[in-house]
2 protein chains.
Amino acid sequence: MPKKVTAQVTAQVTAQEVADAAGVSRAAVSRTLSNSGYVSAQARNKVLQAASALGYRVNHLARGLNKLRSDLVGLVVADIDNPFRSQQLKDLSEALLENQYRPLLIPTTQGRDSSQVIDMLMRYSVSGVIITSDTPPAEIYRNCIRHQVPVVLINKADQHPKVDRVLCDNAKGIALLADFFRQAQCRQVAVIATKEGSYSIQCRERLFVQQMADLGIRTSVIRAPKHDYQGGAMAALELLSMPSLPDGAFCTNDYLALGLIDQLKDKLSPSRFRKIRITGFDDIPQASWLNYQLTTIRQSTRDLAAAAVDLLKRRIDDPDLEGQTEIIDVQLVAR
Amino acid sequence: MPKKVTAQVTAQVTAQEVADAAGVSRAAVSRTLSNSGYVSAQARNKVLQAASALGYRVNHLARGLNKLRSDLVGLVVADIDNPFRSQQLKDLSEALLENQYRPLLIPTTQGRDSSQVIDMLMRYSVSGVIITSDTPPAEIYRNCIRHQVPVVLINKADQHPKVDRVLCDNAKGIALLADFFRQAQCRQVAVIATKEGSYSIQCRERLFVQQMADLGIRTSVIRAPKHDYQGGAMAALELLSMPSLPDGAFCTNDYLALGLIDQLKDKLSPSRFRKIRITGFDDIPQASWLNYQLTTIRQSTRDLAAAAVDLLKRRIDDPDLEGQTEIIDVQLVAR
DNA sequence: TTGTAAGCGTTATCAA
DNA sequence: TTGATAACGCTTACAA
């Protein structure tokens, strides 16, 4: 009599116990709870009832082991503290949860060896990976692909036939900003970029300089050491030392703009400060703060997250899909 | 001939393959790689060599299934976008990684049913849970304890004989601030708290009011609708409508202070603004920005994270430990 | 439509 | 010190 009602110490309810309670086989329980295969309505009901009565929860470790794929999704993120990134992280993790995936958070720093990251991902048989990290993620996604793990890149230049990408519409955003500077009748606009820019930063700098040239507006590029508040503040000092003060400043992201604004306000009289039109990109929460009132380009991190998870899901269902690129719409927020 | 060298499709290397290559049993491989049980130096070396040659990685799903405990740790966080929280999240996830745990990120919102959270945690046999969420986490941690899952609470009031807590030293911080206002010879200090405060907010409000009373300084409490920038801005309006303008304002956290400052600067002349001493609590990055230069109390999120993970580790090793409370030191940052 | 049984990759037990 | 072997809890052919 192979009746094995091992009363677990951990009070962990197993599919077998549910099966026993419902008077069906363990297989029927599995079929019911994973919505696969044939189950009669009657059996189904009995299972569902027994399951909820016993407080049964599918063990995802076991399921993952069996299917060779867990529903964990690696979330490779750098610079978590950075207003734009933390927004993104929030929306991404929520989008994953809504789609029955679970975010396995992997913070990366410049220093950390990327092979460790790959290791972690593989050890958990993640069913996908979303990368927003700035560090060249090539090594990471190549390895993922070797292991048949779907990858989605967010705001990255890298192209690969088997990875999907989500990009915000930098071209449209820059066009809107260029038009803004044109309407404001600016003559000379400083472009605040960074020494080692991320894809977005570089792309925006290039597009902007080009468009301004088309409009016959002069630009001069200032490269801050880092793309954050301090970087913006330092760029401001450089801007102030220019032979003639520009009447416009385009910061390749909002974070830079905040530092720039504060530094300029600190060093210039209110009237001279007001003569400089400043814009950013991203529309982080701070851009709307009273002290900044920054004109910028909004890219919805929610849409971004939704698109990323959607692409991931599609590729999980069909791993042989061609790599797609989804462009997220942007709007001008004039303040 | 039970030779089973199933060349995996996914190129997933198994312990069996390593064992075969090393000419030992699967058990020996396991013992070597988990540092448990007896293995001769010779066998050990052969295993290690074969493992690295084949690129073997322990399957943590299988390990977790077997041990009834994964090395995943639930990170229950609310309000990810919020400068202080995202710092905390960053440091926590890094601390977990350093200790060979993996953060399973679980964002919570006021609305979300906490039973879903518990579900997720249980389904993955997490070996612990760290909660920083503001929503009353009682239901979550009670369930965790029922399932023998160690819990660490960060900056939460809740007491329970089996959960550990990490708290920042609010009492010391408030004492430092009280002294600051005394030295500045303030007569009337506004206290900016919130309607439904988190533990920290409430605790700070109470302590501060009490200490100021001891020093004979008048206080009046203003409750903002939310503890964020907007909340601070709204509190400022209320402050401005007071019969006599206070000469000090203590914000129960920095985030509120930023909104307060901006709103006051906007509505008051520079000279009148300067007459009000403003302080915050937490020392978020923005506190040091040029526009704010906020005097505040620094609590190190790194220390906090380190303490939390340490407590967790200890309790995982010995689940029957009494609940401990670790207090994190704070300093005054005068700006 | 159902149940049996064979894995999934580990670790733990126990006899050798 | 070693190596079978039995779990861990689930999914899924396959047979009934």
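First the proteins, then the strands, lettered A, B, ... as listed; each starts at 1. The basis for the numbers below is simple: all heavy atoms, side chains too, and nothing from hydrogens, waters or symmetry mates.
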May I ask you to say whether A:Asp119 pairs ionically with A:Arg123, meaning some side-chain N is under 4.0 Å from a carboxylate O? yes

Rounded to whole Å, the CZ-P distance (A:Arg63 to D:dT12) equals 9 Å

Nearest listed nucleotide, side chain of B:Arg26, among D:dA6, D:dG3, D:dT12: D:dA6

Quick check for you: among C:dT4, C:dT10, C:dT11, whose closest atom lies nearest to any side-chain atom of A:Ala27? C:dT4

To the nearest angstrom, how far is A:Met122 atom CE from C:dT10 atom C1'? 19 Å

Would you please name every residue forming a side chain to side chain contact (heavy atoms under 4.5 Å, CB included) with B:Asp310, sequence neighbours left out? B:Arg314

Report the distance from atom CD of A:Gln16 to atom P of D:dA7, rounded to the nearest whole Å. 13 Å

By nearest heavy atom, map B:Leu65 and B:Arg31 onto DNA chain C; which one lands nearer the 5' end? B:Leu65

Using a cut-off of less than 4.0 Å, is there contact between a side-chain N or O of A:Tyr38 and OP1 or OP2 of C:dG3? no

For a quick check of understanding: with a heavy-atom distance under 4.0 Å over all strands, which category does A:Val29 fall into, base, sugar-phosphate or nothing? nothing

Any side-chain N or O of B:Ser30 under 4.0 Å from OP1/OP2 of C:dA12? no

With sugar-phosphate meaning primed atoms plus P, OP1 and OP2, does B:Arg57 contact a base, only sugar-phosphate, or nothing at under 4.0 Å between heavy atoms? sugar-phosphate

Round to the nearest Å and state the distance from A:Leu61 atom CG to C:dT11 atom C1'. 14 Å

Take the protein atom NE2 of B:His60 and the nucleotide atom P of D:dG9, then report the distance between them rounded to whole Å. 19 Å

Partner of A:Tyr141 by side-chain contact (heavy atoms from CB on, under 4.5 Å), out of A:Val76, A:Val149, A:Val152, A:Val151: A:Val151

Does a side-chain N-to-carboxylate-O contact under 4.0 Å join A:Glu94 and A:Arg302? no

B:Leu68 CG - D:dC10 C1' separation (whole Å): 14 Å

What is the separation between atom CG on A:Asn59 and atom P on D:dA7, rounded to the nearest whole Å? 18 Å

Expressed in angstrom and rounded to an integer, what is the separation of A:Asn35 atom CG from D:dC10 atom P? 16 Å

B:Ser25 side chain: which of D:dA4, D:dG9, C:dT2 is closest? D:dA4

Judged by each residue's nearest nucleotide on DNA chain D, which is more toward the 5′ side, A:Lys67 or B:Val39? B:Val39

Shortest non-hydrogen contact from B:Ile118 to B:Glu139? CD1-O, 3.9 Å

If you find the nucleotide of DNA chain D closest to B:Ala41 and the one closest to B:Asn66, which residue's nucleotide is nearer the 5' end? B:Ala41

Looking at C:dC8, I'd like to know if its phosphate oxygens (OP1 or OP2) sit under 4.0 Å from a side-chain N or O belonging to B:Thr14. no

